[in-house]
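All of these numbers come straight from a predicted model, not from anything done at the bench. Indexing begins at 1, ligand by ligand and atom by atom, following the structure's order.
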Amino acid sequence: MAEAKARQRGGYAEDVSTEQPVEGGLRFEVDGEIATITLDRPEKRNAQTFATWSALARIGESLPEQVRVVVVRGEGPSFSAGIDLRMFTPEGVPGQGSFSSAATLDGATFEQRIKQAQQGFLWLRRPEIVSIAAVQGHAIGAGFQLALACDLRIVADDVKFCMKEPALGLVPDLTGTKPLVELVGLAKAIDICLTARIVHADEAMRIGLAEQVVAGGDLEQAVQDKIAQLLSTNRDAATATKRLLQGARLRTLEEQSAAEGVEQAARIKALFG
Ligand code: CAA
């Protein structure tokens, strides 16, 4: 297992031994079984662009096999203030266009771009890893959805979740609607999204958006403690268990029981065969 610390910037993760120029406003670091993705544009409250999402997708594609836990965090006072507001201007984000330019594309082409962007979020649910969003301050729009893309959310007591898209005439399209409904239920998800109101830490904890709320200064330690707990279990058993848990909602009790049997038989064979 590679123990060497590998720092990568910009999500270009093929070369794990060198620092890459920042692209997409991300920093990426691998330390043994732990990978950390840092949104690293604090002066712009870690606003996200298409380059951010491509970079996230590239990290997912080339995540070193030994990684078991992926932490997603934001530098500075906010986790992420969502999509870069320059997208709403005629000039857009240099090299990445704007919503005005996107509106000239045919529907299928733009849908394809959204699908590509979503790849940056979807891999965080892989059974082989556990992803943890460490969230402080604002998590707005794409920022909220990035936190929702992770398996667990450990939040600072100043957290402010906000699904702002409907207030801007848009829908949340970065994979956030399904986990939101699954976590808080349909009525609460409608309440949160269609009012674009802020969900503070106490409510986030109460409705299941957050697993843990800590004082801001304790966020990093709380994440480290959770990582230690997660790494204390057997890697293959953890993967198989996550697979079971993820499939539970879609299966009947009988199907789920059968799936448990299949996974356990494989475990017993691997351990004692
Ligand atoms: N895009 C680009 N720049 C942003 C930004 C964003 N989303 N959010 C903040 N910034 C910039 C500000 O323009 C400011 O830059 P300058 O110093 O150059 O002026 C800097 O970050 C600091 O911002 P504030 O001074 O506003 O910081 P604050 O701490 O007082 O407020 C905030 C923080 C409440 C997050 C506020 O910045 C804000 O409301 N930002 C916009 C949030 C937003 O509407 N995001 C879009 C969500 S919808 C979405 O994400 C759509 C989607 O997925 C499709």
Query - Pairing of Arg243 and Glu263 as salt bridge, 4.0 angstrom limit - result: yes

Query raised in the report: Between Gln145 (side chain) and Gly176 (backbone), is there a donor-acceptor pair under 3.5 Å?
Result: yes

Report task. Please indicate whether Glu220 has more than 12 foreign heavy atoms, meaning atoms of other residues, nucleotides or ligands, lying under 6.0 Å from its CD. Result -> no

Query raised in the report: Taking Arg249 for the side chain and Gln246 for the main chain, is one N or O donor matched with an acceptor at less than 3.5 Å?
Result: no

Requested in this report: Please write down residue, atom name and distance for the protein heavy atom closest to atom 47 (C) of ligand 1.
Outcome: Ile140 CG2, 3.7 Å

Query raised in the report: Would you say Glu43 has more than 12 foreign heavy atoms packed within less than 6.0 Å of its CD?
Result: yes

Requested in this report: From the options Arg45, Arg73, Arg27, select the one residue that forms a salt bridge (charged side-chain N to carboxylate O under 4.0 Å, His left out) with Asp40.
Outcome: Arg27

Query raised in the report: Counting both backbone and side chain atoms, is some N or O of Ala47 under 3.5 Å from an N or O of ligand 1?
Result: no

Query raised in the report: Going by the order shown, which atoms of ligand 1 are within less than 4.0 Å of some heavy atom of Leu174?
Result: 53 (O)

Report task. Answer with side chain, backbone, both or neither: which part of Arg86 has a heavy atom less than 4.0 angstrom from an atom of ligand 1? Result -> neither

Query raised in the report: In Å and rounded to the nearest 0.5 Å, what is the CD1 to CH2 distance from Ile114 to Trp53?
Result: 9.0 Å

Report task. Please write down residue, atom name and distance for the protein heavy atom closest to atom 52 (C) of ligand 1. Result -> Glu165 OE2, 3.5 Å

Query - Backbone or side-chain N or O of His138 under 3.5 Å from ligand 1 N or O - result: no

Query raised in the report: Less than 3.5 Å between some nitrogen or oxygen of Arg45 and one of ligand 1, yes or no?
Result: yes

Query raised in the report: Do Lys44 and Asp84 meet the salt-bridge criterion of a basic N to acidic O distance under 4.0 Å?
Result: no

Report summary line: Closest non-hydrogen contact found for Arg68 with Leu231 is NH1-O, 3.6 Å

Query - Closest contact, heavy atoms only, Val30 versus Pro64 - result: CG2-CG, 4.0 Å

Requested in this report: Work out which heavy atom in Arg235 is nearest to a heavy atom in Val67; give both atom names and the distance.
Outcome: NH2-O, 3.5 Å

Query raised in the report: Short N/O distance, under 3.5 Å, between Lys44 and ligand 1?
Result: yes

Query raised in the report: Among protein heavy atoms, which lies nearest atom 54 (C) of ligand 1, and at what distance?
Result: Asp173 OD1, 3.8 Å

Query raised in the report: Which protein heavy atom lies closest to atom 48 (S) of ligand 1, and at what distance to 0.1 Å?
Result: Leu168 CD1, 3.6 Å

Query raised in the report: Has the side chain of Gln136 got a donor or acceptor atom that lies under 3.5 Å from a matching backbone atom of Asp158?
Result: no

Query raised in the report: Would atom 13 (O) of ligand 1 count as contacted, meaning some protein heavy atom under 4.0 Å?
Result: no

Query - Contact (N/O only, under 3.5 Å) between Leu85 and ligand 1 - result: yes

Query raised in the report: Just distances here: any N/O of Ser78 and N/O of ligand 1 closer than 3.5 Å?
Result: no

Requested in this report: Indicate whether atom 26 (O) of ligand 1 is within a distance of less than 4.0 angstrom of some protein heavy atom.
Outcome: no

**Report entry** Residues Glu182, Lys178: salt bridge by 4.0 Å N-O rule
**Finding:** yes

Query raised in the report: Within 4.0 Å of atom 20 (C) of ligand 1 (strictly less), any protein heavy atom?
Result: yes

Query raised in the report: Considering all protein heavy atoms, does one lie under 4.0 Å from atom 38 (C) of ligand 1?
Result: no

Report task. Could you tell me which atoms of ligand 1, counted from 1 in the order shown, lie closer than 4.0 angstrom to a heavy atom of Ala142? Result -> 49 (C), 50 (O), 53 (O)

Report task. For atom 43 (C) of ligand 1, find the nearest protein heavy atom and state the residue, atom name and distance (0.1 Å precision). Result -> Ala81 O, 3.5 Å

Query raised in the report: From atom 8 (N) of ligand 1, is the closest protein heavy-atom distance below 4.0 Å?
Result: yes

Requested in this report: Using distance alone, decide if ligand 1 has a nitrogen or oxygen within less than 3.5 Å of any nitrogen or oxygen in Glu43.
Outcome: yes

Requested in this report: Tell me which protein heavy atom sits closest to atom 44 (O) of ligand 1, plus the residue, atom name and distance to 0.1 Å.
Outcome: Lys164 NZ, 2.9 Å

Requested in this report: Answer yes or no: does an N/O atom from Ile83 fall short of 3.5 Å to an N/O atom of ligand 1?
Outcome: yes

